[in-house]
Trainee: 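Starting off with a structure, shown below.
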Protein chains: 2
Amino acid sequence: MTSPESREPQPPASRRIAQALRSAIESGELRAGAKLPSERALAEQYGTARNTAREAVRLLSEQGLVKAEHGRGVFVREPQRLFRFGSDRYSLKNRESGLTPFRLEAKKQGKTARIDVVSIANEVPPADVAERLGVPGDVASVVHRENHYYADEEPVQIVSTYLRWSEAEGTLLTQPKTGPNGIYGRLEDLGHVMTTIRDEITARMPSPHETAVLGLSPGVPVLEVLHTSFDQDGEAFEVSRYVHRADVTGLKYDLPVQ
Amino acid sequence: MTSPESREPQPPASRRIAQALRSAIESGELRAGAKLPSERALAEQYGTARNTAREAVRLLSEQGLVKAEHGRGVFVREPQRLFRFGSDRYSLKNRESGLTPFRLEAKKQGKTARIDVVSIANEVPPADVAERLGVPGDVASVVHRENHYYADEEPVQIVSTYLRWSEAEGTLLTQPKTGPNGIYGRLEDLGHVMTTIRDEITARMPSPHETAVLGLSPGVPVLEVLHTSFDQDGEAFEVSRYVHRADVTGLKYDLPVQ
DNA sequence: AAGTGGTCTAGACCACACT
DNA sequence: GTGTGGTCTAGACCACTTC
């Protein structure tokens with residue numbers, strides 16, 4: 001070696017640009033909603049090709065820090081106030097309001113709620129659902145209800161509810177309008193009183209379909225909740241999969257210890 | 001117009017390549033762990049420049065479907081078995097085992113657990129912590145303990161625990177070894193019996209620091225749990241922030257209804 | 001040495017938003 | 001029309017892995 005320790009290996013130009021922009025955002029120099037310099041301007045400023053500046057912006061976008069808008073520019077993402085789904089959403093006392101938990105939360109935030117019934121069908125259940133509901137995973141043993149939830153016309157979550165076909169067939173559970181107190185009311189008619197629930201939570205990047213339905217921009221993950229309701233006999237009688245957009249959604253669980 | 005409706009606007013080449021690969025993965029043609037064709041091979045196969053094929057791979061990587069390994073190739077990501085953190089992790093009965101919940105779960109999965117105490121310091125709390133702990137957010141009102149958790153030497157989660165400095169000062173709570181039953185044992189000595197807890201859950205993309213500590217590959221989000229412990233008087237006495245890597249971690253909550 | 005992904009250049013044209 | 005991001009080309013060199 002001619003020069004034993006001449007210099008540290010520098011990070012690539014794209015990362016250095018990204019780091020500079022990140023610092024500007026974190027220091028408040030670039031506030032939420034502010035427009036970043038254009039890719040061409042960044043390229044000139046740092047003496048690189050446009051693609052390199054573009055890569056820097058992509059890194060920030062991947063980290064969920066900024067959002068590119070075609071034809072307009074790249075903007076610092078606004079910190080979103082969260083749509084909170086609390087563990088009390090399963091509480092029976094919410095029944096009295098006559099509103100579903102989602103409508104209640106939307107009202108609390110001064111937003112209008114809309115729920116689309118996308119489909120209701122007799123289907124073969126996904127493996128994880130079949131396992132939890134205790135039904136065969138290779139025949140059409142469930143009714144699958146898919147709903148989309150909107151707040152102020154913004155899509156917030158995708159919900160798939162699965163019920164035993166043997167119980168639901170021929171009842172209001174296979175109809176769009178399920179009657180008083182919704183599906184839980186009808187399930188009580190069938191002798192299932194919700195006694196305990198289990199929520200299994202994961203996070204992941206959305207599928208292209210979820211990206212489209214939820215209108216997600218790159219760098220926004222989803223929260224997936226696989227929910228199981230157990231009745232007074234400890235039997236699972238309903239399984240739902242909630243897919244929330246993580247940029248505007250949070251979950252909250254209050255529980256006693258021991 | 002010469003040809004009124006000659007053809008549909010095709011999706012860009014990069015998306016078409018990505019979709020073809022996605023289909024191959026979902027159909028099982030490309031199994032978990034399988035190696036994708038090299039970027040140069042894909043480019044030739046589809047008659048595009050290498051950058052275009054590369055963009056296709058990037059799209060899949062962003063969706064968490066594949067993982068690029070420098071010098072080796074791009075591989076279909078293995079479905080990870082989850083490290084499950086259940087709501088019983090706060091249960092007092094776990095005390096009897098003498099193991100912390102993390103060690104218990106690791107043992108259950110036949111993995112070796114390691115917990116690094118990264119730092120213990122008297123600090124100014126983050127705003128969300130100050131709010132929940134009921135302490136001033138502009139002075140060094142808390143002790144902050146940062147731990148890193150490993151399973152089989154793989155980093156799994158980053159935990160920051162915050163306690164009131166006024167209570168912790170001069171006690172074992174500011175020491176790496178906190179004595180029997182850990183910090184909760186010492187907090188009981190101070191008269192705080194954990195009675196209820198609240199977990200607030202969000203998902204987001206990791207910061208560069210978290211990416212480095214957790215060894216995350218692109219397209220893997222993190223689960224953030226802001227945990228608050230309340231004592232017999234309903235007073236918050238401990239707040240912790242758990243940052244889990246979402247590719248190997250899940251949460252599970254069992255709770256009674258009403 | 002050969003093959004792979006990682007970064008970069010210096011252009012080009014297209015699609016979209018704004019005025 | 002002008003400026004913006006979105007996509008693409010046809011190269012190049014570097015860093016890492018494998019043989």
Side-chain angles (χ1 to χ4, degrees), chain A residues 1 6-21 30 33-62 64-77 208 211-212 215-219, chain B residues 1 6-21 30 33-62 64-77 208 211-212 215-219:
Chain A
M1 302 180 205
S6 49
R7 49 179 169 75
E8 292 293 298
Q10 283 218 345
S14 53
R15 294 191 187 250
R16 280 188 287 115
I17 300 174
Q19 185 49 50
L21 291 171
L30 282 169
K35 185 166 171 295
L36 268 59
S38 77
E39 294 172 352
R40 289 163 177 89
L42 284 171
E44 191 182 9
Q45 181 182 342
Y46 287 91
T48 69
R50 181 187 157 204
N51 273 355
T52 302
R54 184 175 170 74
E55 169 74 6
V57 172
R58 197 188 59 70
L59 285 168
L60 296 178
S61 160
E62 211 173 54
L65 233 72
V66 303
K67 176 177 180 173
E69 297 185 26
H70 196 168
R72 304 214 320 124
V74 178
F75 301 86
V76 180
R77 205 168 279 194
T211 301
L216 295 175
S217 37
Chain B
M1 302 181 203
S6 49
R7 48 178 169 75
E8 292 292 300
Q10 283 215 346
S14 53
R15 294 191 186 249
R16 280 188 286 114
I17 300 174
Q19 185 50 49
L21 290 171
L30 282 169
K35 186 167 170 298
L36 269 58
S38 78
E39 294 171 352
R40 287 164 178 88
L42 284 170
E44 191 181 9
Q45 182 182 341
Y46 287 92
T48 69
R50 181 187 157 205
N51 274 354
T52 302
R54 183 174 172 74
E55 170 74 7
V57 172
R58 198 187 60 69
L59 285 168
L60 295 178
S61 161
E62 208 172 58
L65 232 71
V66 302
K67 176 178 179 170
E69 296 185 25
H70 195 169
R72 303 213 322 123
V74 179
F75 301 86
V76 181
R77 202 168 279 190
T211 301
L216 295 175
S217 38

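Order of the sequence lines fixes the chain letters, A, B, ..., with proteins taken first and strands second; residue numbering starts at 1 for each chain.
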Trainee: Could you tell me whether B:Arg58 contacts a base, only the sugar-phosphate backbone, or nothing, with contacts defined as non-hydrogen atoms closer than 4.0 Å?
Mentor: nothing
Trainee: Whole angstrom is fine here: how far is it from CD in B:Glu44 over to P in D:dT9?
Mentor: 14 Å
Trainee: Rounded off to whole Å, could you give me the CD-to-P distance for the B:Glu39 and C:dT7 pair?
Mentor: 11 Å
Trainee: Quick one: is C:dT4 close enough that its OP1 or OP2 comes under 4.0 Å of any side-chain N or O from B:Arg50?
Mentor: no
Trainee: Is it true that, when you exclude A:Glu69 itself, more than 12 heavy atoms of the residues, nucleotides or ligands shown sit nearer than 6.0 Å to its CD?
Mentor: yes
Trainee: Any idea which of D:dT9, C:dT4, C:dT9 is nearest the B:Thr48 side chain?
Mentor: D:dT9
Trainee: Look at the side chain of B:Arg40 and the base of C:dG5, then say whether one donor and one acceptor between them are separated by less than 3.5 Å.
Mentor: yes
Trainee: Say you draw a straight line from NZ of B:Lys67 to CZ of B:Arg77; how long is it, rounded to the nearest 0.5 Å?
Mentor: 6.5 Å
Trainee: Taking only N/O atoms, report every protein-nucleotides 16-19 of chain C pair under 3.5 Å with atom names and distance.
Mentor:
unit_1	atom_1	unit_2	atom_2	d
C:dC18	OP1	A:Arg72	NH1	3.1

Trainee: Between C:dA10 atom P and A:Asn51 atom CG, what is the distance in whole Å?
Mentor: 11 Å
Trainee: Counting only side-chain nitrogens and oxygens, does B:Ser14 get under 4.0 Å of the OP1 or OP2 atom of D:dC8?
Mentor: yes
Trainee: Without decimals, in angstroms, what is the distance between A:Glu55 CD and C:dG6 C1'?
Mentor: 9 Å
Trainee: I need the B:Glu39 CD to B:Arg58 CZ distance, nearest 0.5 Å.
Mentor: 11.5 Å
Trainee: Counting any heavy atom closer than 4.0 Å, what does A:Val74 reach on the DNA or RNA strands: base, sugar-phosphate only, or nothing?
Mentor: sugar-phosphate
Trainee: In whole angstroms, how far is the P atom of C:dG3 from the NZ atom of B:Lys35?
Mentor: 12 Å
Trainee: Both distances under 3.5 Å, Watson-Crick or G-U wobble: on that basis, could you give the dot-bracket string for DNA chain C, with [ ] for crossing pairs and | for other-strand partners?
Mentor: ||||||||||||||||||.
Trainee: Who passes side chain to side chain donor-acceptor pair (under 3.5 Å) against B:Arg40, sequence neighbours left out?
Mentor: none
Trainee: Could you tell me how far apart A:Glu69 (CD) and C:dA15 (C1') are, to the nearest whole angstrom?
Mentor: 15 Å
Trainee: Rounding to a whole Å, what distance do you find between B:Ile17:CD1 and D:dT7:C1'?
Mentor: 12 Å
Trainee: Return the value, rounded to whole Å, for the distance between atom CZ of B:Arg54 and atom C1' of D:dA12.
Mentor: 14 Å
Trainee: Which heavy atom in B:Lys35 sits nearest to a heavy atom in B:Arg72, and how many Å separate them?
Mentor: CE-O, 3.1 Å
Trainee: On DNA chain D, does the nearest nucleotide to B:Arg16 precede the nearest nucleotide to A:Leu36 from the 5' side, or the other way round? Give the residue.
Mentor: A:Leu36
Trainee: Is it true that, when you exclude B:Glu44 itself, more than 12 heavy atoms of the residues, nucleotides or ligands shown sit nearer than 6.0 Å to its CD?
Mentor: no
Trainee: Is the phosphate of D:dT7, meaning OP1 or OP2, less than 4.0 Å from a side-chain N or O of B:Thr52?
Mentor: no
Trainee: Of all the heavy-atom pairs spanning A:Ala53 and A:Leu42, show the shortest one and how long it is.
Mentor: CB-CB, 3.8 Å
Trainee: For the atom pair CG (B:Leu65) and CG (B:Leu21), what is the distance rounded to the nearest 0.5 Å?
Mentor: 9.5 Å
Trainee: Search all heavy atoms of A:Phe75 against all heavy atoms of A:Leu36 and return the closest pair with its distance.
Mentor: C-CD1, 4.5 Å
Trainee: Measure across A:Leu60 and A:Ala18 and return the closest heavy-atom pair with its distance rounded to 0.1 Å.
Mentor: CD2-O, 3.7 Å
